[in-house]
Amino acid sequence: MADNSTMTSLARALSHHKLDQCDPIDASPSRAQRLPGRRRTLSCKSLSSLDTDDSCVLETRVLVLNTGGTIGMKMHLVDSQDVLVPEPNALFKYLRTLPILHDAEYAKKTCLYDYYNPDDTLVLPRTLPHPDHQIHGLSKENKRIIYTILEYKPLLDSSNMTTDDWAKIGKDIEANYENYDGFVILHGTDTMAYTASALSFMCEHLGKPVILTGSQVPIYEMKNDGRDNLLGALVIAGQYCIPEVCLYFYNKLYRGNRVTKVDAGSYNAYSSPNLPPLATTEVDIAINWDTVWRANSTSKFKVSTELNRNVGLLRLFPGITSETVRAFLQGPIEGVVLESYGSGNAPDNRPDLIEELKKAIASGIIIMNCTQCLKGTVSASYNTGKVLLDAGLIAGSDMTPEAALSKLSYVLAKKNMNIEGKKKLMGENLRGEMSIDLGATRLCMNDSRFIQIIAKTLSISCTEELKAICDALTPTLACAATKIGDIEALHALKEMGSNLCLSDYDGRTPLHIAASEGYLNVVKYLLSHGASVYARDRYGDTPLSNAVRFRRKEVVKLLRKTGAHFSRDELDEAGTELCSLAASGDLEGLEIWSLAGADLNKPGYDGRTASQVAQAVGKTQVLTHLVKLETNKPQIGLGEFNECDEYDDDDESGVIEFTATMSGK
Ligand SMILES: NC(=O)C[C@H](N)C(=O)O
């Protein structure tokens with residue numbers, strides 16, 4: 001519960017925020033002041049006839065990796081039988097003809113293909129037909145989603161996939177990470193839950209949405225689920241900063257490592273038995289922001305493609321023999337998920353079985369205990385459960401077998417970590433794959449005295465109204481506390497269970513504000529509590545572009561270390577800004593842009609580089625400065641930014657500490 005000083009802090013923050021609502025310094029930079037923009041600035045004028053809203057249209061970019069699956073299959077005769085097989089080079093051509101998945105008129109009017117490849121890139125329409133049915137909320141956000149399809153060769157039925165295919169997907173995401181706002185993976189449904197689980201572990205410090213989807217019926221059929229699934233996945237990946245590996249199917253967005261395929265003959269093919277969906281897309285898109293998982297780190301995104309294939313699933317059944325168990329546990333096996341009964345139980349009258357498990361554990365095999373029930377968690381409430389705990393099995397809580405298996409594969413492949421470190425990691429919640437007991441002491445905004453007092457003053461009694469108050473107050477309070485650099489107040493809000501990543505009416509998050517103000521410590525605090533460096537406000541600006549604009553050098557360095565980057569379009573247009581800085585002899589400005597990742601040799605609108613401009617106007621100082629900046633260009637991630645070492649993931653024992661919050665937009 002927040003104490004009196006906390007209340008004072010919060011009240012101070014709130015009153016300060018009120019004053020600041022008309023403070024131009026805190027306001028987001030106007031359109032004219034903004035960083036040289038993405039394509040949106042070019043399209044503003046030409047769009048007026050297409051987009052009734054006169055505000056600027058933002059374009060977001062999504063990369064679609066088409067790995068195969070039913071969504072893109074057609075019937076073929078194989079051994080005189082008609083069967084479904086993936087059809088290469090067909091999906092893109094087909095999508096181009098579907099108005100709900102490609103707006104040809106927009107592409108033409110905005111000269112989209114002067115910028116993007118017409119053979120792999122499409123654009124989603126802005127709104128759905130009926131104004132009351134803004135199912136995907138596009139008009140509210142005024143965003144256009146441009147998506148590029150990368151087709152795999154060969155396309156696979158997901159039953160043919162192996163860990164090598166997971167690694168390929170991971171590498172492609174890593175290689176394209178900075179060029180896109182989100183990723184959609186088209187995948188067969190049969191093993192999608194395995195791939196989603198594996199990718200969730202492989203993607204370390206993920207800050208952007210990665211959404212797997214597919215269908216039960218090919219998209220080429222008249223009645224199919226592929227169109228809706230693809231559309232829903234694209235809209236979420238292009239519009240919302242949900243930094244998780246997710247699975248989207250039948251109007252629901254799930255955490256990828258929580259799902260399992262439960263129905264081979266229904267559009268509603270997946271279930272997430274132990275975690276409610278992250279989002280539902282019905283008449284409106286409802287995101288359950290409190291459930292969204294965020295890595296609390298200032299480390300850059302990377303994909304760990306090393307996976308250990310010596311893992312297996314062993315399902316208990318009445319009468320299983322010790323010979324079967326012994327045979328299964330022979331080398332080269334290194335990790336096993338034992339699918340036990342009920343709440344994690346196995347026979348306690350079978351010393352022969354328990355003996356085999358103990359021997360395997362003594363030889364260095366890691367055995368996880370997961371229930372074979374669809375729903376529920378492992379506990380040691382029965383003696384039949386205690387025997388497994390006593391034998392040295394690691395309790396898998398409520399993990400799905402798919403998640404437990406791929407987690408084993410990921411953890412066992414870790415180099416420089418001993419078996420004890422790996423066992424410890426297996427029992428920890430790395431990516432929201434298992435439920436953790438937050439304990440009775442966890443405070444909740446609904447319970448807080450602060451909210452209670454406000455509720456009382458406003459004569460509010462029902463829970464829905466209380467929740468509405470929390471939702472309305474939290475972003476305002478967090479932004480206000482950030483504006484005055486009050487970490488204590490932010491911490492108090494956090495302790496009350498509120499989400500420090502929510503944005504205000506302008507889409508500005510506390511991280512935008514801390515970056516604008518140059519509060520390095522607040523930036524560090526927010527990043528270590530789940531804030532996203534990729535959040536864009538209504539003007540399309542990120543915390544990095546704000547830090548550049550307000551010349552916050554140290555903040556720029558820290559954000560870059562955490563993986564922040566200019567978009568491809570921003571980088572393309574940086575040349576013009578650099579030339580103008582060079583012409584005016586602005587050495588500090590050039591340094592900031594260089595630190596933020598701009599290429600100092602990028603030509604401006606007239607084809608000249610910053611150094612050519614400096615030469616032309618006789619600014620020799622600028623020339624020397626540019627050479628110096630080029631030579632000292634920071635090597636991000638190579639130990640340049642030691643001030644953040646306290647947040648590094650690796651502790652001395654070599655055991656990686658993963659922490660994360662379950663909150664925040
Ligand atoms: N619906 C599907 O996608 C099933 C198909 N066999 C696959 O997993 O690739």
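Excluded from the calculations below are hydrogen atoms, water molecules and symmetry mates; all remaining heavy atoms, backbone and side chain alike, are included. Numbering of ligands and ligand atoms starts at 1, following listing order.
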In the structure I gave you, are the side-chain heavy atoms of Ile366 and Lys423 within less than 4.5 Å of one another anywhere?
yes
Distance-only donor-acceptor check, side chains Thr280 and Lys252, under 3.5 Å:
no
Regarding atom 2 (C) of ligand 1: of the candidates Ile71, Thr67, Thr70, which has the closest heavy atom?
Thr70
Lys NZ or Arg CZ of Lys168 over Tyr152 ring: under 6.0 Å, within 45°:
yes
Check whether the ring centres of Tyr177 and Tyr534 lie less than 6.0 Å apart, and answer yes or no.
yes
Assess the pair Tyr220 and Tyr94: is the distance between their ring centroids shorter than 6.0 Å?
yes
Heavy atom of the protein closest to atom 9 (O) of ligand 1 (residue, atom name, distance):
Ser158 N, 2.8 Å
Minimum-distance protein heavy atom relative to atom 1 (N) of ligand 1:
Thr189 OG1, 2.7 Å
State whether the shortest distance between N or O atoms of Gln216 and N or O atoms of ligand 1 falls below 3.5 angstrom.
yes
Any N or O on Asp190 sitting closer than 3.5 Å to an N or O of ligand 1?
yes
Check the surroundings of atom NZ in Lys302: do more than 12 heavy atoms from other residues, nucleotides or ligands lie under 6.0 Å from it?
no
Mode of Ser215 contact toward ligand 1 - side chain, backbone, both, neither (heavy atoms, under 4.0 Å):
backbone
Heavy-atom contacts with Gly188 under 4.0 Å: which atoms of ligand 1 show up? List them by number with element.
3 (O), 7 (C), 8 (O), 9 (O)
